Number of protein chains: 2
Amino acid sequence: MEIKIKNVKEQLHSAGFKLTPQREVTLKILLENKNSHLSAEDVFLRVKEEYPEIGLATVYRTLELLSDLQILEKMNFGDGVSRYDFRKTGTKHFNHHLICVKCGKVQEVEDDLLSDVEKIIEHEYGFMVMDHRLTFHGVCRECQLKEDTNETD
Amino acid sequence: MEIKIKNVKEQLHSAGFKLTPQREVTLKILLENKNSHLSAEDVFLRVKEEYPEIGLATVYRTLELLSDLQILEKMNFGDGVSRYDFRKTGTKHFNHHLICVKCGKVQEVEDDLLSDVEKIIEHEYGFMVMDHRLTFHGVCRECQLKEDTNETD
DNA sequence: GTGTGTGCAAAAGATTTGCAGGGCT
DNA sequence: AGCCCTGCAAATCTTTTGCACACAC
């Protein structure tokens, strides 16, 4: 369940790559911000605090490498930047996201709610589903409460 | 059901904008390529054939304007470019997309398959859903047939 | 010494913006 | 005249790439 750096190190080695200090710090930051869907820039800034010599290109290369190895998932919420987070292993990596249009928070939904929908797609459209992305835009619980209290919107 | 330029013209006027020749050609191209999910560049190149003086910035501005007016929907399939298509009016604009990883074709699913899922999200997560994006990645019927015939992949 | 990985700077690609000019009212 | 709209070029932003150097085996 828990992702460990040691674990990733083995995956890197078995694919012929090394766990360099830069990659290790990057991984550490990602582990500390699990489910935060950081952008490359976000990761870069945080890694830089701990490893100031790092270059943005290295962060991009690391994020791409880890995505290729299916350790990270690269996703895109339509705001022009790619965001990265650990790919869930147990759940067939079928996560959904709830994006609050008020506060911008991104919340994960780990339940797989789409198996029925997928069956329909496969039967009705003859489309063999390999993966899916589901994003809901709306207002999160906290912002709904805030709105009720403070009607200044 | 059918979108007409005249109709859009009225929407523009009531919002204080004009239907310029550039905007009209852009609309015409979009109408001719409904459900094709053209990128700004795609639209630009096609408009240019008919209206060579147009600038790319104008196309961007038109696409943004029409998206603001909820005539177009701006979407993003994670390939780094925004794509545009008419927003479906009848269907609560809840369309889903099937993206074929073999041939790149994007197919529309107009059925609303998510009303049950949405209820779960609202009840379980207290999240007020306003819109959603659902994309399936997989292999379309045609490419599956091609693969069966020609096992050269 | 061969190869991988890095930092920097430059390049590339998509989109936005500043500005002067054009047309309509 | 005033205002909206346009084309062009420049600017911006994200991401990728080229290159020389460093480090490991």
Side-chain angles (χ1 to χ4, degrees), chain A residues 5 8-29 37-69 71-84, chain B residues 5 8-29 37-69 71-84:
Chain A
I5 295 209
V8 174
K9 184 173 182 176
E10 282 166 22
Q11 286 188 67
L12 282 168
H13 281 169
S14 63
F17 301 102
K18 295 167 195 163
L19 182 64
T20 62
Q22 289 91 334
R23 288 177 183 163
E24 186 160 356
V25 177
T26 303
L27 269 166
K28 186 170 152 289
I29 294 299
H37 311 90
L38 301 180
S39 67
E41 187 83 24
D42 293 336
V43 175
F44 173 62
L45 290 174
R46 291 171 206 224
V47 171
K48 219 171 159 53
E49 289 175 16
E50 185 150 340
Y51 196 106
E53 323 86 281
I54 200 162
L56 179 55
T58 301
V59 171
Y60 270 105
R61 283 187 280 232
T62 300
L63 293 172
E64 197 188 337
L65 174 62
L66 295 174
S67 299
D68 288 349
L69 294 179
I71 293 164
L72 297 181
E73 184 170 6
K74 181 179 183 175
M75 56 199 112
N76 196 309
F77 296 134
D79 59 351
V81 295
S82 295
R83 300 177 176 280
Y84 301 82
Chain B
I5 294 209
V8 175
K9 183 174 181 175
E10 282 166 22
Q11 287 188 66
L12 282 169
H13 282 169
S14 64
F17 302 101
K18 295 168 194 162
L19 182 64
T20 62
Q22 291 92 333
R23 287 177 183 163
E24 187 160 357
V25 177
T26 303
L27 270 166
K28 186 170 150 289
I29 294 298
H37 311 91
L38 300 180
S39 67
E41 186 84 24
D42 292 337
V43 174
F44 173 63
L45 290 174
R46 291 172 206 224
V47 171
K48 219 171 159 54
E49 289 174 16
E50 186 150 339
Y51 196 106
E53 322 87 281
I54 201 163
L56 180 54
T58 301
V59 172
Y60 270 105
R61 283 187 280 232
T62 301
L63 294 172
E64 197 188 337
L65 174 61
L66 295 174
S67 300
D68 287 349
L69 294 177
I71 294 164
L72 297 182
E73 184 171 5
K74 182 178 182 175
M75 57 199 110
N76 196 308
F77 296 133
D79 59 351
V81 294
S82 294
R83 301 177 175 279
Y84 301 82

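Owing to the predicted nature of the structure, the values given are computational and were not obtained by experimental measurement. Each chain gets a letter, A, B and so on, in the order its sequence line appears, and its residues count up from 1.
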For A/Leu27 and A/Leu66, what are the C-alpha separation, side-chain angles and deciding distance, and is it a side-chain contact (heavy atoms from CB on, under 4.5 Å)? CA-CA 9 Å; A/Leu27 269 166; A/Leu66 295 174; 4.0 Å; yes
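- A sub-4.0 Å separation between OP1 or OP2 of D/dT6 and a side-chain N or O of B/Thr20 is present.
- Using a distance-only test at 3.5 Å, with no hydrogens or angles considered, a donor-acceptor pair links the side chain of B/Asp42 to the main chain of B/Ser39.
- Here the P atom of nucleotide D/dC5 and the CG atom of B/Leu66 are 12 Å apart, to the nearest Å.
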Contacts under 3.5 Å, N or O only, protein and nucleotides 12-15 of chain C:
residue, atom, partner, partner atom, Å
C/dT15, OP1, B/Ser82, N, 2.9
C/dT15, OP1, B/Ser82, OG, 3.2
C/dT15, OP2, B/Tyr60, OH, 2.3
C/dT15, O5', B/Tyr60, OH, 3.1

Could you write out each protein N or O paired with an N or O of nucleotides 18-25 of chain C at a distance under 3.5 Å?
residue, atom, partner, partner atom, Å
C/dG18, O6, B/Arg61, NH1, 3.4

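- Taking the side chain as every heavy atom from C-beta outward, A/Thr62 and A/Thr20 never approach each other to under 4.5 Å.
- The interatomic distance linking A/Phe17 (CZ) with C/dG3 (C1') rounds to 13 Å, in whole Å.
- Two residues are said to be in side-chain contact when any heavy atoms from C-beta on lie closer than 4.5 Å; A/Glu41 and A/Val59 fail this criterion.
- Distances shorter than 4.0 Å separate some side-chain N or O of A/Thr58 from OP1 or OP2 on C/dG7.
- You'll find the side chain of A/Lys28 stays beyond 4.5 Å of the side chain of A/Glu24, heavy atoms only.
- B/Asn76 has its side chain out of reach of B/Lys74: every pair of non-hydrogen atoms, C-beta onward, lies at least 4.5 Å apart.
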side-chain contact (heavy atoms from CB on, under 4.5 Å) evaluation trace for A/Ile54 with A/Thr26: CA-CA 10 Å; A/Ile54 200 162; A/Thr26 303; 4.3 Å; yes
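- Of all non-hydrogen atoms in A/Gln11 and A/Leu69, the two that sit nearest each other are OE1-O, 4.1 Å.
- Going from atom CD of A/Glu53 over to atom P of D/dC23 covers 12 Å, rounded to whole Å.
- Between the C1' atom of D/dT16 and the CG atom of A/Asp68 lies a distance of 14 Å, rounded to the nearest Å.
- Residue A/Phe44 is classed as having no contact, given no heavy-atom separation below 4.0 Å to the nucleic acid.
- One can place CG of A/Asp79 at 14 Å from C1' of D/dT15, the figure rounded to the nearest angstrom.
- Heavy atoms from other residues, nucleotides or ligands lying under 6.0 Å from NZ of A/Lys48 number more than 12.
- If you take CG of B/Leu63 and P of C/dT16, they are 10 Å apart, rounded to a whole angstrom.
- At whole-Å resolution of the value, CG in B/Asn76 and P in D/dT14 are 14 Å apart.
- Atom NE2 of A/His13 and atom P of C/dG5 are 10 Å apart (whole Å).
- In terms of position on DNA chain D, the residue among B/Lys48 and B/Leu19 whose nearest nucleotide sits closer to the 5' end is B/Leu19.
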